[in-house]
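Encoded as structure tokens, the structure appears first; notes follow it.
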Protein chains: 2
Amino acid sequence: MSSAEAAYAALREGIVSGQHAGGARLEEETLAAALGVSRTPVREALRRLHAEGLVQVEPRRGARVSTWGAEELDEIFELRALVEGYGAARAATRVTEAQLAQLEDLCEAMEEAACAPGGADHALIGRLNNELHAAVHRAASSRYVAGLLTSLVQIPLVVRTFQRYQPEELARSMGHHRELVAALRAGRPEWAEAVMHAHVEAARATLRRDLGAEPAGEPAAMER
Amino acid sequence: MSSAEAAYAALREGIVSGQHAGGARLEEETLAAALGVSRTPVREALRRLHAEGLVQVEPRRGARVSTWGAEELDEIFELRALVEGYGAARAATRVTEAQLAQLEDLCEAMEEAACAPGGADHALIGRLNNELHAAVHRAASSRYVAGLLTSLVQIPLVVRTFQRYQPEELARSMGHHRELVAALRAGRPEWAEAVMHAHVEAARATLRRDLGAEPAGEPAAMER
DNA sequence: CGGGCGAACCTTGTATACGTGGTGGGGAAG
DNA sequence: CTTCCCCACCACGTATACAAGGTTCGCCCG
């Protein structure tokens, strides 16, 4: 892996994990020293993250981690519903048997992680969920769907949505995944799209509830 | 304007205008010499264009101008219809009087350019059209709509759609713009969304007709 | 004592130099 | 004559050096 790609991966992970809080300054020299590379690949990573919306860059004034307000999260979920729904509909007529099998494996793994002894493993579930959605995007065999969505899903608050799910919501999410696979297997675009819509809307509802209840509990967002 | 931004603007213009044909190699050193800057800002411009989908980059193997097949253009127009429709719906409840006035001015200017003596000025119309759509995106006051669409509209074939319009199609397009402004002024999201859908679908139909009729007449696209 | 101005420092933007992987051409062997 | 391998060249990736704009702290003036 190139230095630039490594820097990109490290920075993105640092941002979505909350290590770099929203609004935090990202100094090129500092990051370069921390990553053991020069400023050049760090700059490239920062510009890439800027293109994806994770950082904001002002000329001659450096880069900061982006922040998101409640209204912007609303926009994000509406656009996600549109684009992910489109992707799911496309996938319904293009998915292969091998991909369906993989999706079912992922469902299995997620349900296992959800029923783990001593509470659900939210980190693992989140990773598997990302993988499942990525698999649907691949099945859509579209050059654009996945790219458009990176700006919409790689957001700290969104990535950690699963940590907010209550048991009932978690079960509902698993149900959505299973139903989505069923719709894809049946080759029914409208069904797949509707399920994906519901899936995204459910996630949105959870986030809205949490943000409304404890607006001060999420220091990584809300403030600009 | 910084060198990097200048390089980006020049390269993008060169690509969408067809000066850099689809599939053409983009050598950093050559471009740097042509633009009178060093490789550093050229690299930054290339990566940015890559993020927007206009160029494809393979590690250690350089950058090439992207190409688009008929199926990919179909995807693009479907996604454009979704996202631009969403933007129009948002704009309907957020547009200001000043913005409405500006939109009407743009309509006026476009109709003037379309009725110019000695045939319509397609280049001017195209520019005004871009400006009008950008104005709608601004009116939507969304952080994401405009960004998502750059990957979908800044494409050589799409930008030059107006050159393909026949008089009747041109008139229809003007009508769409007027109706869109009317829907925005009425504050009716569904109406605005529907008009924008029709608008994008009409453009798609024109492109499909032309590509189907003379697939060899557009050397900038189709082949990979 | 407070506000505005200036200079030093710090960070970003750009240029240039160096290392490395990929590509193509030429030579030798079959 | 053809094919395969090796070497040289060339472009990309990264590091480093230099230039220029921004920020901040301190000083001077009101």
Side-chain angles (χ1 to χ4, degrees), chain A residues 1-15 19-67 143 147 150-151 223-224, chain B residues 1-15 19-67 143 147 150-151 223-224:
Chain A
M1 189 194 288
S2 70
S3 298
E5 203 168 345
Y8 165 76
L11 274 177
R12 198 184 71 169
E13 179 58 26
I15 293 173
Q19 187 179 336
H20 297 294
R25 183 76 187 284
L26 296 172
E27 239 169 81
E28 296 177 359
E29 193 79 47
T30 308
L31 296 171
L35 296 168
V37 297
S38 80
R39 278 177 53 212
T40 309
V42 171
R43 272 181 72 82
E44 185 168 326
L46 284 175
R47 299 311 170 114
R48 187 168 165 191
L49 291 165
H50 173 61
E52 293 176 3
L54 275 184
V55 311
Q56 282 179 311
V57 176
E58 280 179 294
R60 290 262 175 212
R61 299 190 54 185
R64 307 187 95 86
V65 178
S66 294
T67 56
R143 184 163 139 192
T150 51
S151 309
E223 81 279 4
R224 178 170 298 272
Chain B
M1 188 194 289
S2 70
S3 298
E5 204 170 343
Y8 166 75
L11 273 176
R12 199 186 68 170
E13 179 57 26
I15 293 173
Q19 189 178 336
H20 297 293
R25 183 75 189 286
L26 295 173
E27 240 170 78
E28 296 177 359
E29 194 81 46
T30 307
L31 296 171
L35 296 168
V37 297
S38 79
R39 279 177 52 211
T40 309
V42 171
R43 272 182 71 82
E44 185 168 326
L46 284 174
R47 298 310 171 113
R48 185 167 164 193
L49 290 166
H50 174 61
E52 294 176 3
L54 276 185
V55 312
Q56 285 179 310
V57 176
E58 281 178 294
R60 288 266 176 207
R61 299 192 52 186
R64 308 187 95 87
V65 179
S66 294
T67 56
R143 185 162 139 194
T150 52
S151 309
E223 82 278 4
R224 176 171 299 273

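Predicted, not measured: the structure shown is a model, and the values here were computed from it. Chain naming here is simple, since letters A, B, ... match the order of the sequence lines and numbering starts at 1 in each. Only heavy atoms go into these numbers, but all of them, side chains included; no hydrogens, no water, no symmetry mates.
Closest of all the heavy-atom pairs between G53(B) and S66(B) is O-OG, 2.9 Å. Nearest heavy atoms, R12(B) versus L54(B): CG-CD1, 3.6 Å. The two residues A63(B) and V57(B) have their closest heavy-atom pair at CB-CG2, 3.9 Å.
With sequence neighbours excluded, the residues satisfying side-chain hydrogen bond (donor to acceptor under 3.5 Å, both in side chains) with E28(B) are R39(B), R43(B).
Proximity of V42(A) to R47(A): side-chain heavy atoms (C-beta onward) are nowhere separated by under 4.5 Å.
Regarding contacts with the backbone of dA15(C), a side-chain N or O of S38(B) is found under 4.0 angstrom from either OP1 or OP2.
Regarding E5(A), its CD atom lies at a distance of 15 Å from the C1' atom of dT14(D), rounded to whole Å.
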Close N or O pairs between protein and nucleotides 11-13 of chain C (under 3.5 Å):
{"from": "dT11(C)", "atom 1": "OP1", "to": "E27(A)", "atom 2": "OE1", "distance (Å)": "2.9"}
{"from": "dT11(C)", "atom 1": "O5'", "to": "E27(A)", "atom 2": "OE1", "distance (Å)": "3.4"}
{"from": "dT11(C)", "atom 1": "O3'", "to": "R25(A)", "atom 2": "NH2", "distance (Å)": "3.3"}
{"from": "dT12(C)", "atom 1": "OP2", "to": "E28(A)", "atom 2": "N", "distance (Å)": "3.4"}
{"from": "dT12(C)", "atom 1": "O3'", "to": "R60(A)", "atom 2": "N", "distance (Å)": "3.4"}
{"from": "dT12(C)", "atom 1": "O2", "to": "R60(A)", "atom 2": "NH1", "distance (Å)": "2.8"}
{"from": "dG13(C)", "atom 1": "OP1", "to": "R60(A)", "atom 2": "N", "distance (Å)": "3.1"}
{"from": "dG13(C)", "atom 1": "OP2", "to": "R43(A)", "atom 2": "NH1", "distance (Å)": "2.7"}
{"from": "dG13(C)", "atom 1": "OP2", "to": "R43(A)", "atom 2": "NH2", "distance (Å)": "3.4"}
{"from": "dG13(C)", "atom 1": "OP2", "to": "R47(A)", "atom 2": "NH2", "distance (Å)": "2.7"}
{"from": "dG13(C)", "atom 1": "N7", "to": "R39(A)", "atom 2": "NH2", "distance (Å)": "2.8"}
{"from": "dG13(C)", "atom 1": "O6", "to": "R39(A)", "atom 2": "NH1", "distance (Å)": "3.1"}

